[in-house]
Engineer: 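So that we are looking at the same thing, I have put the structure below in structure tokens.
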There are 2 protein chains.
Amino acid sequence: MKRVSLKDIAKMVGASPSTVSFILNGKASQMRISDELKNKVLATAKKMGYQPNQVAVSLRTGQTKILGLLVEDISNSFFASLAKTIELEAEEFGYKVVYSSTENNSKRGVELLRMLTQRQVDGYLITPTVGMEEDIEMIVRHKKPLVLMDRYFPGIDTAFVQVDNAGAVKKGMEHLVNKGYKKIAFITIDSGMIQMKQREEAYTEAISRSAEQKKKLVLKVNFAGGRELAIDQITEFLKKNNPDAVFFATNYLGILGLESIRAIGLSIPTDLAVVCFDDNDIFRLHLPGITVLQQPVEAIARTAIHILMQQLGNNKIALKKNQVQLAANFISREST
Amino acid sequence: MKRVSLKDIAKMVGASPSTVSFILNGKASQMRISDELKNKVLATAKKMGYQPNQVAVSLRTGQTKILGLLVEDISNSFFASLAKTIELEAEEFGYKVVYSSTENNSKRGVELLRMLTQRQVDGYLITPTVGMEEDIEMIVRHKKPLVLMDRYFPGIDTAFVQVDNAGAVKKGMEHLVNKGYKKIAFITIDSGMIQMKQREEAYTEAISRSAEQKKKLVLKVNFAGGRELAIDQITEFLKKNNPDAVFFATNYLGILGLESIRAIGLSIPTDLAVVCFDDNDIFRLHLPGITVLQQPVEAIARTAIHILMQQLGNNKIALKKNQVQLAANFISREST
DNA sequence: TGCAATCGCTAAAACGGTTTAGTGAATCGA
DNA sequence: TCGATTCACTAAACCGTTTTAGCGATTGCA
């Protein structure tokens, strides 16, 4: 069964496609179409189950009403809620969001970015990976609406929204230091992106201020070997260095860390205190609960959308700044 | 800066759009275009950073190379991995997947379905909600490729892939009965969809076979009031009925249940044994680990994509059946 | 040498809408 | 009564591709 087009309706009611288009787009009175014809068209459209071909509309109007969202990993709870909030917010403005995971893979990320471009998305919301610089610059040069999230490129002038990484780590470290921990380790990854650098620098800074702890204790987990090997790296690191507290730089590192700690048989917080970046159901439900620095996910998403909408010209209230850092929430639980 | 179109390239090299199109689509030799012109076009396209307008291509060819995926809730780990696998599999066949969450909301679901139709997706992968019947039938009538997942409509003849719900619950119940539990409760929701009915029926069936337990003990959680109220319902139910084991019908019910159990102060498995449908990081990491019936998520995703590709005519190997049930994995942990 | 076949490429229609500039008929004002 | 408006619509261009049919020039064959 063929889908019914606007022309089919036009033929059916004996009017021209233009007239039908006006009516279906609510411009009937503006174009002073008679109520009689208007109702006839509306009724026929409904009866025939007309659904406009959005592809044709997009081609003609140059607007797809689609936003492209690229996150690191949609199955990670942080990015999942980010995506969810963005989707909901975008809907308010009449935009649909298509999202994909870069898996922090540069090649994949660039490909996805190009695909979004080819699909003519109206705006981009991106958690960039290393290697995307050129394509991001291209988007900027084309003056397409764009907001980076979670991280950004220091060398490229774009809008971005991220958590205040330095402030968050600082808060967490102060908490640990105040609690009297003297050998605090920092477990992170080397993604090459700025947000991880900011977190690590804040740790280094905190250690350098500390009277008790002179030496940094940093593990950069290498994910190349997969989940199990990552856990092994953490296990080995903890066994060898024997810290009294550990700060995980992301939620997935924290989860892997909990597995390591469990495997080693350490008890939290007696043997080892734990703080983690990002909150998560697991940290809340864990026994003991894990102290975290919760990112203001909804606020990040909302801010990003608002900046983007401003660029798209859909926003009444102008935001002052388009490079934003939002404070994290410190949630103290039993792990420290 | 304006984006460069195929026509721009044509003008630049002094050829016709058709010729350029042939070359860019690798039909140069087939259309016996001279290598000289071919290379010139290719070079110019690259130099100008040409990216085909996929919207125009779609309009012309009638193919968007997009699959629409509707899940219940993308931030739920089960659906997240489902989506992820589907995305990866679809990519193999040259399809991009756009996904959205119905939130089990009939109105929202129908709207999303229509949006997918209007966006001209080439195929549908859907976890349907109550109220979608008509729109699903419409898709069937239009002979559009469609595979339902996780559930289906008994009255509508469509392809579907789901876990063997009855078999899974049966296995879980047998495990509990064999372990000697005599007052096994079943906590579920009333979504009106078949997969939940299948699970509940299997529980009822197991109880009716049981020598020890004569009475069903079922709670249907009402989600209307939100998370906290849902937890309260479970708490009240457990306090009042005092079961020695509880079977949660979905992973999110299990998570809420763990919070209830924790709030009441019951200890697992001494006071209460726990089995849950769906696996999850939380159940694995929980102390004690939670016994689960793990859905074969990847297999479900792969099967669904293959059936869909068959409908799209992209598959070499024909599948025999297009209505599939896959067995769940029983994973015994310390909670039972 | 003359006709057909081949070569290398192009014109133009089509996809399904939106939008600008009109068009003929009815109504209006003077 | 006649020119100007208004009314209720419509014709046609256009968005950026793909694809079918075909065109003039060259080559092949007898």
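Residue numbers start from 1 in every chain, and the chains themselves are labelled A, B, ... in the order their sequence lines are given, proteins ahead of strands.
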Engineer: With sugar-phosphate meaning primed atoms plus P, OP1 and OP2, does Lys2(A) contact a base, only sugar-phosphate, or nothing at under 4.0 Å between heavy atoms?
Structural biologist: sugar-phosphate
Engineer: Taking heavy atoms of chain B and a 4.0 Å limit, find me the 5'-most and 3'-most nucleotide of DNA chain D within that range.
Structural biologist: dG16(D) to dT20(D)
Engineer: Do any pairs count as a side-chain hydrogen bond (donor to acceptor under 3.5 Å, both in side chains) and have a residue in residues 33-49 of chain A, sequence neighbours left out, and if so which ones?
Structural biologist: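 For residues 33-49 of chain A, and leaving out neighbouring residues, there are no side-chain hydrogen bond (donor to acceptor under 3.5 Å, both in side chains) pairs at all.
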Engineer: If you measure from the Lys or Arg side-chain nitrogens to the Asp or Glu carboxylate oxygens, is any gap between Lys84(A) and Glu103(B) under 4.0 Å?
Structural biologist: yes
Engineer: Leu113(A) versus Ile139(A): any side-chain heavy-atom pair under 4.5 Å?
Structural biologist: yes
Engineer: For the helix from dT1(C)-dA30(D) to dA30(C)-dT1(D), how many degrees between its two end axes (five pairs per end), to the nearest 10°?
Structural biologist: 60°
Engineer: Are OP1 or OP2 of dC15(C) and a side-chain N or O of Lys7(A) less than 4.0 angstrom apart?
Structural biologist: no
Engineer: Among all residues two or more places apart in sequence or in another chain, which pass the ring-ring contact (aromatic ring centres under 6.0 Å, His included) test with Tyr99(A)?
Structural biologist: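 ring-ring contact (aromatic ring centres under 6.0 Å, His included) check on Tyr99(A) returns Tyr99(B).
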Engineer: What pairs meet the side-chain hydrogen bond (donor to acceptor under 3.5 Å, both in side chains) rule with one or both residues in residues 127-136 of chain A, with sequence neighbours excluded?
Structural biologist: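 For residues 127-136 of chain A, and leaving out neighbouring residues, the side-chain hydrogen bond (donor to acceptor under 3.5 Å, both in side chains) pairs sorted by first residue read Arg114(A)-Asp135(A).
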Engineer: Looking at residues 31-55 of chain A, who's got a heavy atom less than 4.0 Å off DNA chain C?
Structural biologist: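 Tyr50(A), Asn53(A) - these, ordered by number, are the residues of the stretch whose heavy atoms sit under 4.0 Å from the strand.
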Engineer: What parts of residues 59-66 of chain B reach DNA chain C, counting only heavy atoms under 4.0 Å away?
Structural biologist: Leu59(B), Arg60(B)
Engineer: Does anything in residues 14-29 of chain A pair up under side-chain hydrogen bond (donor to acceptor under 3.5 Å, both in side chains), and if so which pairs, sequence neighbours excluded?
Structural biologist: Ser16(A)-Ser18(A), Ser16(A)-Thr19(A), Ser21(A)-Asn25(A)
Engineer: Name all residues meeting the ring-ring contact (aromatic ring centres under 6.0 Å, His included) criterion together with Tyr95(A); count only those two or more places apart in sequence or in a different chain, and write none if there are none.
Structural biologist: none
Engineer: Residues of residues 16-25 of chain A with any non-hydrogen atom less than 4.0 angstrom from an atom of DNA chain C: list those, numerically ordered, please.
Structural biologist: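 Correct list: Ser18(A), Ser21(A), Phe22(A), Asn25(A).
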Engineer: Can you pull the ring-ring contact (aromatic ring centres under 6.0 Å, His included) pairs that have at least one residue in residues 106-160 of chain A, sequence neighbours excluded?
Structural biologist: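 Found Tyr152(A)-Phe160(A).
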Engineer: Mind checking what makes ring-ring contact (aromatic ring centres under 6.0 Å, His included) contact with Tyr50(B), not counting sequence neighbours?
Structural biologist: none
